2 protein chains.
Amino acid sequence: MQITSRFTIAIHILTCIDYFKDERRVTSEFLAGSVNANAVIIRGVLSQLRAAGIVSTRQGSGGAAITRALNEISLYDIYKAVDCIDENGLFGFHANPNTDCPIGRNIHKAMDKHLTNIQNSMENELKKIYLSDVVEDTIKQIQAENG
Amino acid sequence: MQITSRFTIAIHILTCIDYFKDERRVTSEFLAGSVNANAVIIRGVLSQLRAAGIVSTRQGSGGAAITRALNEISLYDIYKAVDCIDENGLFGFHANPNTDCPIGRNIHKAMDKHLTNIQNSMENELKKIYLSDVVEDTIKQIQAENG
DNA sequence: AAACTTGTAAAGGTATTTATTACAACTTTG
DNA sequence: CAAAGTTGTAATAAATACCTTTACAAGTTT
């Protein structure tokens, strides 16, 4: 299993929007070209980012823009926006353990606390990384390939 | 997306094996009853745990046993045994970004380092929790429901 | 009005996961 | 040694989740 690629697509999109913002209108079609995915996928991700207040889009005229400073958007914000994982839902539980068995009846509660802590620690790491970090690293990569 | 339920099934199984070890022979059929899953699924998980040296099983006579002390088996050991997630594979990348675009060509490398760190920090948390912790908590839950 | 773009629903396809069936190999017991 | 019970594993089917594509209404610009 993997965290949905919508998350890395979202980071890709946001990096593109910032990179090309002064150069051209960044439409879903253009972004689809860079990501190499269908434009409807891109529009779906943009929809989620818009609902989270991270980007603005305009019908008709087209083009997406980032609404906040890059160092005010954490990877956690993006992760939450594209709805990667339910609250406490990182670890899948098997449905309907047998309640006639003392273990089946209680194991879920016993595991929950620990697994929630693990998920929280992962999400806390996401909060420490900002879109600005990724954009800077991407630009370094681009400069490295030219020099 | 979620981490496969084989992980929580494995913890459930191991807790059962320990809990019932002095009382009865713990067969895959019995475990399937507690988990409420098909016995073949249980045998598959037991196979993986056996390959990792966490349990031993016996053909014919039947029954599974844990090979180490519970406080020497971390949730990370179990997580690795049941092959939840590939190395650096927690976050799914969209395949084939457009290499004609400077962002498409470089974003992957720029994200990789950060996402690997996040996955590592999650896995390090798994190393801090032992099967003994989960078993103790489960027994506390059982005692609480009786008293 | 024409051309272009976003927003979203709906249908189709693909991949992954889980469940089931089947049976060979092994162990114990009478 | 035969019968009963169990593990180990392959193969197939079913269910679920995910991604892609088609279609079109609604908005904007020229």
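Keep in mind that this is a model prediction, so the values were computed, not measured. In what follows, chains carry the letters A, B, and so on, assigned in the order in which the sequence lines appear, proteins first and then strands, with residues in each chain numbered from 1.
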Ignoring the backbone of [X], work out which of [options] is nearest its side chain.
{"X": "T57(A)", "options": "dT6(C), dA22(C), dT8(C)", "answer": "dT6(C)"}
{"X": "R43(B)", "options": "dT18(C), dT8(C), dG8(D)", "answer": "dG8(D)"}
{"X": "R25(B)", "options": "dT27(C), dT29(D), dT6(D)", "answer": "dT6(D)"}
{"X": "A37(A)", "options": "dT20(D), dA19(C), dA22(C)", "answer": "dT20(D)"}
{"X": "Q59(B)", "options": "dC26(C), dT22(D), dC19(D)", "answer": "dC26(C)"}
{"X": "T27(A)", "options": "dT9(D), dT6(C), dG7(C)", "answer": "dT6(C)"}
{"X": "V40(A)", "options": "dT7(D), dT20(C), dT21(D)", "answer": "dT21(D)"}

- prompt: Hey, quick one: are V40(A) and V82(A) part of the same hydrophobic cluster, counting side-chain heavy atoms closer than 4.5 Å, chains of contacts allowed?
  reply: no
Hydrophobic cluster identity match, Y76(A) and Y130(A), side-chain contacts under 4.5 Å: no
Write down the distance between [atom1] ([X]) and [atom2] ([N]), rounded to a whole number of angstrom.
{"X": "F93(A)", "N": "dT17(C)", "atom1": "CZ", "atom2": "P", "value": "18 Å"}
{"X": "N38(A)", "N": "dA11(C)", "atom1": "CG", "atom2": "P", "value": "17 Å"}
{"X": "Q48(B)", "N": "dG8(D)", "atom1": "CD", "atom2": "P", "value": "13 Å"}
{"X": "L49(A)", "N": "dT6(C)", "atom1": "CG", "atom2": "P", "value": "14 Å"}
{"X": "L46(A)", "N": "dG7(C)", "atom1": "CG", "atom2": "C1'", "value": "11 Å"}
{"X": "I41(A)", "N": "dA11(C)", "atom1": "CD1", "atom2": "P", "value": "17 Å"}
{"X": "I42(A)", "N": "dC19(D)", "atom1": "CD1", "atom2": "P", "value": "12 Å"}
{"X": "I9(A)", "N": "dC18(D)", "atom1": "CD1", "atom2": "P", "value": "13 Å"}

Looking at [X], does any N or O in its side chain come under 4.0 Å of the phosphate oxygens OP1/OP2 on [N]?
{"X": "T4(A)", "N": "dC19(D)", "result": "yes"}
{"X": "R58(B)", "N": "dT28(C)", "result": "yes"}
{"X": "S47(A)", "N": "dT8(C)", "result": "yes"}
{"X": "R50(B)", "N": "dG8(D)", "result": "yes"}

task: Report which part of the nucleic acid G63(A) touches: base, sugar-phosphate, or nothing (heavy-atom distance under 4.0 Å, all strands).
output: sugar-phosphate
- request: Would you mind telling me which of I17(B), L49(B), V26(B) makes a side chain to side chain contact (heavy atoms under 4.5 Å, CB included) with I66(B)?
  value: I17(B)
- request: Classify the angle between the aromatic ring planes of F20(A) and F30(A) as parallel (below 30°), tilted (30 to 60°) or perpendicular (above 60°).
  value: perpendicular
- request: Classify the side-chain pair N124(B)/S121(B) by whether it contains a donor and acceptor separated by less than 3.5 Å.
  value: no
query: Quick check: are there more than 12 heavy atoms from other residues, nucleotides or ligands sitting under 6.0 Å from NZ of K140(A)?
result: no
statement: Of H94(B) and S61(A), the one whose closest nucleotide on DNA chain D sits nearer the 5' end is H94(B)
